[in-house]
J.: 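One structure coming up, written as structure tokens, with questions to follow.
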Amino acid sequence: MPGCFKKTLFALASLVSFVSFILIVVAMGTPKWMTGRILCKTGADLVNATDPELVKFIGEIYYGLFRGGKIRQCGLGGRRSKFTVFPHMVKKLNTGLHVMIIIFLCVAIFFSLVSFGFCILNAIKVPYRAIKGPAGVCLWNFLAGGFIVLAVTSFMAAVKLHHLTERIANFRENVFQFVILEERFEDCFWLCVASATAHAVNLLLIAISGIHFPKIKTKTEEANVTAEDIMY
């Protein structure tokens with residue numbers, strides 16, 4: 001049976017793994033990975049809008065991995081619309097990269113749950129096989145955190161290198177052209193970053209659990225037996 005100290009560390013590690021799982025699921029299901037401000041360039045050019053008038057042509061956009069929405073401002077007031085990435089918009093995006101992001105996060109969810117189970121196993125008993133012990137827990141946490149990092153990096157590449165926001169903003173826009181004025185990574189994106197950080201914390205906890213702290217030994221006084229004691 002593991003000691004109390006190790007039980008506490010593995011119980012804490014299991015909690016961190018489960019929190020990481022929840023963070024990824026919430027992030028994937030929420031449509032606010034990115035927000036931004038979009039300018040209706042076509043409308044602004046038609047009326048030669050100056051700086052004070054450009055406000056009438058600046059809208060907003062937000063999106064996640066599966067859906068999003070935008071507010072079009074083309075001089076006639078704001079018009080709200082919502083969209084879904086699958087099955088139509090994915091043709092406009094870099095399909096392979098977008099699907100890879102989702103796959104990376106799904107694999108990270110799997111390894112987070114595996115880490116959760118193995119942490120509970122190590123908190124209850126000392127496994128016979130090494131892969132089920134601390135080495136295995138480190139492996140699953142490393143893989144989960146690594147796949148999350150790949151997903152986050154791929155999403156940043158899609159935004160910055162493949163102009164993801166601009167492609168989404170101009171989806172099914174045959175008359176007006178929109179340009180991006182501002183982009184911001186939102187809470188759901190940072191939830192994935194926090195999830196990867198949680199797995200790094202788990203690796204630290206497992207490393208601490210392997211430290212062998214010196215035991216405090218108490219010196220016992222030797223009993224001196226004298227001849228008088230025996231006679232007594």
J.: Check whether N170 reaches the backbone of Q177 with its side chain - one donor and one acceptor, N or O, closer than 3.5 Å.
T.: no
J.: I would like to know whether C106 and M28 meet side-chain contact (heavy atoms from CB on, under 4.5 Å); could you show each step before the answer?
T.: CA-CA 9 Å; C106 289; M28 290 185 68; 4.0 Å; yes
J.: Determine whether V16 and V26 fall in the same hydrophobic cluster, where Ile, Leu, Val, Met, Phe, Trp and Tyr are linked whenever their side-chain heavy atoms lie under 4.5 Å apart.
T.: no
J.: Under 4.5 Å between side-chain heavy atoms, hopping through other hydrophobics if needed: is there a path connecting L139 to F104?
T.: yes
J.: Scan residues 24-35 for pairs that pass side-chain hydrogen bond (donor to acceptor under 3.5 Å, both in side chains), counting only residues two or more places apart or in two chains.
T.: T35-R184, T35-E186
J.: If you count every heavy atom of other residues, nucleotides or ligands that lies below 6.0 Å from F83 atom CZ, does the total exceed 12?
T.: yes
J.: Can a donor-acceptor pair be found, under 3.5 Å and without considering hydrogens, that links the side chain of K132 to the backbone of F118?
T.: no
J.: Kindly indicate, with the supporting measurements, whether the criterion side-chain contact (heavy atoms from CB on, under 4.5 Å) is fulfilled by S81 and K70.
T.: CA-CA 6 Å; S81 62; K70 65 181 179 181; 3.5 Å; yes
J.: For residues F185 and M34, report the shortest heavy-atom separation together with the two atoms involved.
T.: CD2-SD, 3.2 Å
J.: Hey, any chance V175 and I61 share a hydrophobic cluster, counting ILVMFWY side chains that come within less than 4.5 Å of each other, even indirectly?
T.: yes
J.: Mind checking whether I38 and V179 have side chains closer than 4.5 Å, heavy atoms only?
T.: no
J.: Roughly how far, to the nearest 0.5 Å, is CG of L205 from OG1 of T8?
T.: 11.0 Å
J.: Can you tell me how far the CD atom of E166 sits from the CZ atom of F171, to the nearest 0.5 Å?
T.: 15.5 Å
J.: Below 4.5 Å, heavy atoms only, C-beta onward: do L105 and I109 meet side chain to side chain?
T.: no
J.: Taking L97 as the starting point, is it possible to reach L164 by hopping between hydrophobic residues whose side chains are less than 4.5 Å apart?
T.: no
J.: Answer with yes or no whether the hydrophobic clustering places L15 together with F21; edges join I, L, V, M, F, W, Y residues whose side-chain heavy atoms lie under 4.5 Å apart.
T.: yes
J.: May I ask you to decide if F57's main-chain N or O and R72's side chain share a donor-acceptor pair within less than 3.5 Å?
T.: no
J.: Any chance the side chains of T165 and E183 put a donor and an acceptor closer than 3.5 Å?
T.: yes
J.: If you look only at pairs with a residue in residues 145-157, which of them pass as a side-chain hydrogen bond (donor to acceptor under 3.5 Å, both in side chains), with sequence neighbours excluded?
T.: none
J.: Shortest non-hydrogen contact from F116 to S14?
T.: CD1-O, 3.1 Å
J.: Which value, rounded to the nearest 0.5 Å, describes the distance between F178 atom CZ and T42 atom OG1?
T.: 7.5 Å
J.: Quick check for you: to the nearest 0.5 Å, what is the distance between W190 atom CH2 and T197 atom OG1?
T.: 10.0 Å
J.: Applying side-chain hydrogen bond (donor to acceptor under 3.5 Å, both in side chains), which residue pairs with at least one partner in residues 107-121 are found, sequence neighbours left out?
T.: S17-S115, S112-H199, S115-N141
J.: H98 side chain to L65 main-chain N or O, any donor-acceptor pair under 3.5 Å?
T.: yes
J.: Might you point out which heavy atoms bring V85 and R67 nearest each other, and give the distance in Å?
T.: CG2-N, 4.1 Å
J.: If you count heavy atoms of other groups shown closer than 6.0 angstrom to CZ of R167, is the number above 12?
T.: yes
J.: Relative to each other, are the rings of F155 and F189 parallel, tilted or perpendicular (30° and 60° limits)?
T.: tilted
J.: If you round to the nearest 0.5 Å, how far is CG of L9 from CD1 of I206?
T.: 7.5 Å
J.: Minimum heavy-atom separation for G145 and A196, please, with both atom names.
T.: O-CB, 4.3 Å
J.: Looking only at atom types and distance, does a side-chain atom of S195 sit under 3.5 Å from a main-chain N or O of L191, one as donor and one as acceptor?
T.: no
J.: Begin with the C-alpha distance, continue with both residues' side-chain angles, and end with the deciding distance and a verdict on side-chain contact (heavy atoms from CB on, under 4.5 Å) for S20 and I24.
T.: CA-CA 6 Å; S20 173; I24 302 173; 4.2 Å; yes
J.: Above 12 or not: heavy atoms from other molecules or residues under 6.0 Å from CZ of F110?
T.: no
J.: Would you compute the distance between atom CZ of F176 and atom SG of C74 and round it to the nearest 0.5 angstrom?
T.: 4.5 Å
J.: Could you check L181 against I58 for side-chain contact (heavy atoms from CB on, under 4.5 Å), going step by step and ending with a plain yes or no?
T.: CA-CA 9 Å; L181 299 180; I58 296 176; 3.8 Å; yes
J.: Should the pair F111 and W140 be assigned to parallel (<30°), tilted (30 to 60°) or perpendicular (>60°) ring geometry?
T.: parallel
